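Reviewing the structure listed below.
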Amino acid sequence: MKVLVPIKRVIDYNVKVRVKADKTGVEIANVKMSMNPFDEISVEEAVRMKEAGKADEIIAVSIGVQQCQETIRTALAMGADRGIHIKTDEDIEPLAVAKLLKALVEKESPELVILGKQAIDDDSNQTGQKLAALLGWAQGTFASKIDLQNGKAEITREVDSGLEIMEVNLPAIVTVDLRLNEPRYASLPNIMKAKKKPIDEFSIAELGIDATSRLEILSVEAPKQREAGVMVDSVASLVDKLKNEARVI
Ligand code: AMP
């Protein structure tokens with residue numbers, strides 16, 4: 001079974017994001033970038049499937065600037081077999097990503113596509129769902145457990161009332177949640193081996209997809225700065241402030 005794992009290059013989750021002065025977006029120049037954390041979980045899951053003899057080949061795919069190849073190399077060092085880079089310098093929104101992934105699915109015929117439940121930069125939580133709709137495939141979203149057997153995938157999802165367990169027929173789209181697994185660190189020998197693994201490159205035009213943006217970002221604003229707190233010297237003064245200044249009691 002072939003597994004396709006889309007991975008996005010995003011600002012590293014440890015970086016304090018700064019909004020650009022002209023409010024058109026966030027600063028990414030000289031900022032540490034990494035694989036979207038949910039995508040590390042999907043790569044890990046695909047590698048575990050291969051180790052368990054349930055998957056034969058893992059293809060990591062990233063859409064974006066040239067440096068996405070570093071993100072793909074990370075996935076290759078974790079255990080993916082080969083990479084595909086769809087090159088573009090434009091910001092690509094989830095619908096266009098889903099259309100490009102659909103074109104790759106038609107080329108590669110995977111039985112499973114495992115995506116992150118959301119990218120931590122746009123927080124869209126749309127790509128997997130849109131890809132499933134475009135392909136007409138079953139989808140299991142926010143998976144906290146994936147069990148493959150007899151051409152089906154049993155997906156466990158954490159919902160408000162507890163655990164929901166559903167079964168989807170393959171081929172299918174799965175999006176992964178935080179508690180599915182703990183991604184491994186790539187070992188040095190595997191980082192070296194990853195350098196020799198192939199990465200195919202395509203342009204958006206080569207895949208024949210119209211990736212024009214249908215969304216316009218009007219403005220990106222930083223959250224309001226929190227005001228400094230004050231120390232109160234007694235419970236009575238706290239109650240007084242809550243009552244007469246904050247007016248919350
Ligand atoms: P989103 O719908 O933007 O929150 O992203 C959900 C998931 O779609 C991510 O976790 C990735 O698996 C995949 N994805 C989104 N954008 C890209 C991209 N540019 N390249 C590869 N995969 C992507």
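In listed order, ligands and their atoms are each counted from 1. Small disclaimer: the values here were computed from a predicted structure and weren't measured.
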**OP:** Identify, with sequence neighbours excluded, every residue that meets salt bridge (charged side-chain N to carboxylate O under 4.0 Å, His left out) alongside Glu44.
**Re:** Arg48, Arg184
Original post:
Given that the side chain starts at C-beta and the backbone is N, CA, C, O, which of these parts of Leu101 lies under 4.0 Å from ligand 1, counting heavy atoms, or is it both or neither?
Top reply: neither
**OP:** Decide side chain to side chain contact (heavy atoms under 4.5 Å, CB included) for Phe142 and Arg179; before the verdict, give the C-alpha distance in whole Å, the side-chain angles of both, and the deciding distance to 0.1 Å.
**Re:** CA-CA 10 Å; Phe142 292 52; Arg179 272 185 287 276; over 6 Å; no
**OP:** State plainly whether the residues Lys8 and Asp122 are in salt-bridge range, i.e. N to O under 4.0 Å.
**Re:** yes
Original post:
Linking Ile, Leu, Val, Met, Phe, Trp and Tyr through side-chain heavy atoms less than 4.5 Å apart, which residues share a cluster with Val248?
Top reply: Val232, Val235, Leu238, Val239, Leu242, Ile249
Original post:
At under 4.0 Å between heavy atoms, which part of Leu115 makes contact with ligand 1: side chain, backbone, both or neither?
Top reply: both
Original post:
So, Ser219 and Glu221: side-chain donor and acceptor under 3.5 Å apart, yes or no?
Top reply: yes
**OP:** Please report which non-hydrogen protein atom sits nearest to atom 10 (O) of ligand 1, along with the residue it belongs to and the distance in Å to one decimal place.
**Re:** Asp39 OD1, 2.5 Å
Original post:
Of the backbone atoms (N, CA, C, O) and the side-chain heavy atoms from C-beta on, which set of Ile63 has a member under 4.0 Å from an atom of ligand 1: side chain, backbone, both, or neither?
Top reply: both
**OP:** Could you list which atoms of ligand 1 come closer than 4.0 Å to a heavy atom of Ser124?
**Re:** 1 (P), 2 (O), 3 (O), 4 (O)
Subject >> ligand 1 contact on Ile7 by region, counting heavy-atom pairs under 4.0 Å >> reply: backbone
Original post:
Would you say ligand 1 has an N or O under 3.5 Å from any N or O of Pro6?
Top reply: yes
Original post:
Purely on distance, is any nitrogen or oxygen of Thr127 under 3.5 Å from one on ligand 1?
Top reply: yes
Original post:
Between Glu45 and Lys50, is there a salt bridge with N-O shorter than 4.0 Å?
Top reply: no
**OP:** Would you check if Lys20 and Val220 make a side-chain contact, meaning some heavy-atom pair closer than 4.5 Å?
**Re:** no
Subject >> Mode of Asp122 contact toward ligand 1 - side chain, backbone, both, neither (heavy atoms, under 4.0 Å) >> reply: side chain
**OP:** Before signing off on this row, confirm whether Pro94 and ligand 1 have an N or O atom pair separated by under 3.5 Å.
**Re:** no
Original post:
Looking only at protein heavy atoms, which one is nearest to atom 16 (N) of ligand 1, and how far off is it?
Top reply: Lys8 CD, 3.4 Å
**OP:** Could you verify whether a donor N or O on one side chain and an acceptor N or O on the other, from His85 and Glu201, lie under 3.5 Å apart?
**Re:** no
Original post:
Which atoms of ligand 1 have any heavy atom of Ala119 under 4.0 Å away?
Top reply: 1 (P), 3 (O), 4 (O), 5 (O), 6 (C)
**OP:** Examine Val97 against ligand 1 and note whether any of their N/O atoms are separated by less than 3.5 Å.
**Re:** no
Subject >> Protein heavy-atom partner closest to atom 7 (C) of ligand 1 - residue, atom, separation in Å >> reply: Gly116 O, 3.4 Å
Subject >> CD/Gln149: more than 12 non-hydrogen atoms of other groups inside 6.0 Å >> reply: yes
**OP:** Give a yes/no verdict on whether any heavy atom in Thr175 is under 4.0 Å from an atom of ligand 1.
**Re:** no
Original post:
What atoms in ligand 1 come closer than 4.0 Å to a heavy atom of Asn125?
Top reply: 1 (P), 2 (O), 4 (O)
Subject >> Flag side-chain contact, heavy atom, 4.5 Å: Arg157 against Met166 >> reply: yes
Subject >> Subset of ligand 1 atoms that lie under 4.0 Å from at least one heavy atom of Val61 >> reply: 21 (C)
Original post:
Will you find, in the side chains of Ser237 and Asp240, an N or O donor that is under 3.5 Å from an N or O acceptor?
Top reply: no
Subject >> Contact with ligand 1 for Asn36, non-hydrogen, under 4.0 angstrom >> reply: yes
